[in-house]
Amino acid sequence: MQLRYGILGTSSIAPRFIAAVRAAGTGEIVAVSSRSVQKAQEKAQQWNIPTAYGSYDALLADDNVNTVYISTVNSEHYTWAKAAILRHKHVICEKPCTTTAQQTAELYDLARQEGVFFMEAQKMLFLPAILEVRRRIEAGVLGTVHMAQLSHSFPASYNGWMFDLSLGGGTLLSSGIYAVQLLIWLFGDIRSISGIKTTVETGAECQYILTGETQCGVQFTCKNSTLAVLDNTARLYGEKGWVELPEYWKARKAIFHIAGQEPEVVEFPCEHELVYEAEHIASCLSAGLLNSPTVTKDLSVKGISALEQVKEKW
């Protein structure tokens, strides 16, 4: 089918998704919406989109839009994804899918009931570097993996709503979803998880350290900060060696360190890291699927459940 995307929300990731869809040649961006006509028209001109709407409802009423990309603040993902599904649109919802496991499960179930495609936009799991790491782990290149260390930092000004809890702010939802979903995807369910945090005056966390263990015994730490500059790398340690993934959430390369061998750098350069996600979405819809075989309901629910456990302990 010909994908005709409507972009619901004008967040900082929206133009990157638009560029990836165009680079992949897997769909057409036909409309964009914001909470004001002026903002929508400004972005439509900037992003070369033919139609601009000053409300999200207006976008959903457009029969020319058959697929909606949700890029609002986190707290609004559930409301507008549900509205789009009920208008019989296919939905790609930016991560985190919602702020609770219950809402996430409901959206997946509703989409299946309505016969439309639904997927959490977890770009990381389609990157060739990540896929190569998983392939080599499964082939036993590292031996049994016993430990993982993931770090991620970014400036506090990245999004204006980052520290507003009512909008789903806080660094845990922003970056923690990458870490926990990668761990689940590589090593299975998380057995235990907890952490410590630093907060700003709003009560939202500006940095944290998580520790835990997967069901298969991989112990992990996940660090994130808007205060300190971290090394922004995931490292997975096995019996035979270890692998590092610089900027793992948008990885372009993996570096394998196997005992007794020179480090091996495997590179996958690309201009738009979301292009693989765009290609996957088109492939799923072409095959008539209602869910992605990669970013499944199970993965989405377990990912946000892990973060809910952390918040409950906090």
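Please read these numbers as outputs of a predicted model, since none were measured by experiment.
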_Surrounding CD of Gln38 (heavy atoms of other residues, nucleotides or ligands, distance under 6.0 Å), is the total greater than 12?_
no
_Listed partners of Trp80 passing ring pair (Phe, Tyr, Trp, His ring centres under 6.0 Å), at least two apart_ = Tyr56
*asked:* Does any part of the side chain of Trp185, heavy atoms only, come nearer than 4.5 Å to the side chain of Ile130, both counted from C-beta?
replied: yes
*Go through Thr51 and Asn64 one step at a time and tell me if the side-chain contact (heavy atoms from CB on, under 4.5 Å) criterion holds.*
CA-CA 10 Å; Thr51 305; Asn64 191 42; over 6 Å; no
*Would a distance-only check, ignoring hydrogens and angles, find a side-chain to backbone donor-acceptor pair under 3.5 Å from His77 to Ile70?*
no
*asked:* So, applying side-chain hydrogen bond (donor to acceptor under 3.5 Å, both in side chains) with Gln181, which one of Lys95, Lys302, Glu120 is it?
replied: Glu120
*Mind checking salt bridge (charged side-chain N to carboxylate O under 4.0 Å, His left out) for Lys43 and listing every partner two or more places apart, or none if nothing turns up?*
none
*asked:* Run the side-chain contact (heavy atoms from CB on, under 4.5 Å) test on Asp164 and Val73 for me, step by step, so that the C-alpha distance in whole Å, both residues' side-chain angles and the decisive distance to 0.1 Å come before the verdict.
replied: CA-CA 10 Å; Asp164 188 334; Val73 296; over 6 Å; no
*asked:* Could you report the tightest heavy-atom contact between Thr294 and Leu299, atom names first, then the distance?
replied: O-CD2, 3.8 Å
*Check whether more than 12 heavy atoms from other residues, nucleotides or ligands sit under 6.0 Å from atom CD of Gln102, and answer yes or no.*
no
*Which heavy atom of Asp62 sits nearest a heavy atom of Ala31, and at what distance?*
OD2-CB, 4.3 Å
*Indicate yes or no: at least one non-hydrogen side-chain atom of Leu107 is less than 4.5 angstrom from one of Cys97.*
yes
*Check the hydrophobic clustering (I, L, V, M, F, W, Y; side-chain heavy atoms under 4.5 Å; chains of links allowed) and say if Ile177 and Val301 are grouped together.*
no
*Is a side-chain N or O of Asn74 found less than 3.5 angstrom from the main chain of Leu167, in a donor-acceptor match?*
no
*Inspect the surroundings of CD in Gln261 and state if more than 12 heavy atoms from other residues, nucleotides or ligands are less than 6.0 Å away.*
yes
*Are Tyr69 and Glu94 close enough that a side-chain donor and a side-chain acceptor fall under 3.5 Å?*
yes
*Kindly write out the residues that satisfy salt bridge (charged side-chain N to carboxylate O under 4.0 Å, His left out) with Glu239, not counting sequence neighbours, or none if the list is empty.*
none
*Who are the side-chain contact (heavy atoms from CB on, under 4.5 Å) partners of Ala148, not counting sequence neighbours?*
Leu150, Leu183, Val218, Phe220, Leu236
*Heavy-atom pair of closest approach, residues Ser11 and Pro15*: O-CD, 3.4 Å
_Nearest atoms (heavy-atom pairs only) where Tyr208 meets Thr171_ = CD2-OG1, 3.4 Å
_If we ignore hydrogens and angles and just use 3.5 Å, is the side chain of Thr233 paired with the main-chain N or O of Asp231 as donor and acceptor?_
yes
*Does some side-chain heavy atom of Phe17 sit less than 4.5 Å from a side-chain heavy atom of Lys123?*
no
_Shortest non-hydrogen contact from Ile7 toward Ile29_ = CG1-CG2, 3.8 Å
*Could you walk me through whether Ile137 and Phe187 pass the side-chain contact (heavy atoms from CB on, under 4.5 Å) check?*
CA-CA 10 Å; Ile137 288 175; Phe187 306 118; 4.2 Å; yes
*Counting only heavy atoms not in Gln45, do more than 12 fall under 6.0 Å of its CD?*
no
*Pairs touching residues 84-124 that satisfy ring pair (Phe, Tyr, Trp, His ring centres under 6.0 Å), sequence neighbours left out*: Tyr108-Phe118
*Can you check whether Tyr237 reaches Gln149 side chain to side chain, under 4.5 Å on heavy atoms?*
yes
_Give me each pair satisfying ring pair (Phe, Tyr, Trp, His ring centres under 6.0 Å) with a member in residues 287-310, each pair once, sequence neighbours excluded._
none
*Matching residue for His257 among Lys240, Glu244, Glu262 - test: side-chain hydrogen bond (donor to acceptor under 3.5 Å, both in side chains)*: Glu244
*Determine which pairs satisfy side-chain hydrogen bond (donor to acceptor under 3.5 Å, both in side chains) with at least one residue from residues 280-290, sequence neighbours left out, and list them in order.*
His280-Ser292
*Any donor-acceptor pair under 3.5 Å linking the side chain of Thr98 with the backbone of Thr104?*
yes
*For Lys223, enumerate each residue passing the salt bridge (charged side-chain N to carboxylate O under 4.0 Å, His left out) test, keeping only those at least two apart in sequence or located in another chain.*
none
*Stepwise, does the side-chain contact (heavy atoms from CB on, under 4.5 Å) test hold for Thr72 with Trp161?*
CA-CA 11 Å; Thr72 62; Trp161 53 271; over 6 Å; no
*Tell me, do Thr226 and Phe154 make a side-chain contact under 4.5 Å, heavy atoms counted?*
yes
*What residue pairs, at least two apart or across chains, pass side-chain hydrogen bond (donor to acceptor under 3.5 Å, both in side chains) with a residue in residues 125-139?*
Glu132-Arg135, Glu132-Arg136, Arg134-Glu138, Arg136-Glu264
*Ala287: side-chain contact (heavy atoms from CB on, under 4.5 Å) partners, not counting sequence neighbours*: Leu289
*4.5 Å side-chain heavy-atom contact, Val32 and Trp47*: yes
*Any side-chain heavy-atom pair from Ser151 and Ser225 closer than 4.5 angstrom?*
no
*asked:* Count I, L, V, M, F, W, Y as connected when their side-chain heavy atoms are under 4.5 Å apart, and connections chain through other members. Are Leu110 and Ile92 then in the same cluster?
replied: yes
*Taking the side chain from Ser71 and the backbone from Gly9, do they hold a donor-acceptor pair closer than 3.5 Å?*
yes
*Would you mind telling me which of Leu8, Leu86, Val65, Ile85 makes a side-chain contact (heavy atoms from CB on, under 4.5 Å) with Leu60?*
Leu8
_Does anything in residues 305-314 form a side-chain hydrogen bond (donor to acceptor under 3.5 Å, both in side chains)? List the pairs, not counting sequence neighbours._
none
*Do you know which two heavy atoms are closest between Leu245 and Ala254, and how far apart they sit?*
CD2-CB, 3.8 Å
*Would a distance-only check, ignoring hydrogens and angles, find a side-chain to backbone donor-acceptor pair under 3.5 Å from Asn224 to His152?*
yes
*In terms of side-chain geometry, is the basic nitrogen of Glu247 or Arg252 positioned less than 4.0 Å from the acidic oxygen of its partner?*
no
*asked:* Just so I know, are the side chains of Lys82 and Glu106 near enough to count as touching, which here means a heavy-atom distance under 4.5 Å?
replied: yes
*Identify, with sequence neighbours excluded, every residue that meets side-chain contact (heavy atoms from CB on, under 4.5 Å) alongside Gln219.*
Met147, Glu213
*Take Tyr78 and Thr100, measure what side-chain hydrogen bond (donor to acceptor under 3.5 Å, both in side chains) needs, and give me the verdict at the end.*
CA-CA 9 Å; Tyr78 169 76; Thr100 72; over 6 Å; no
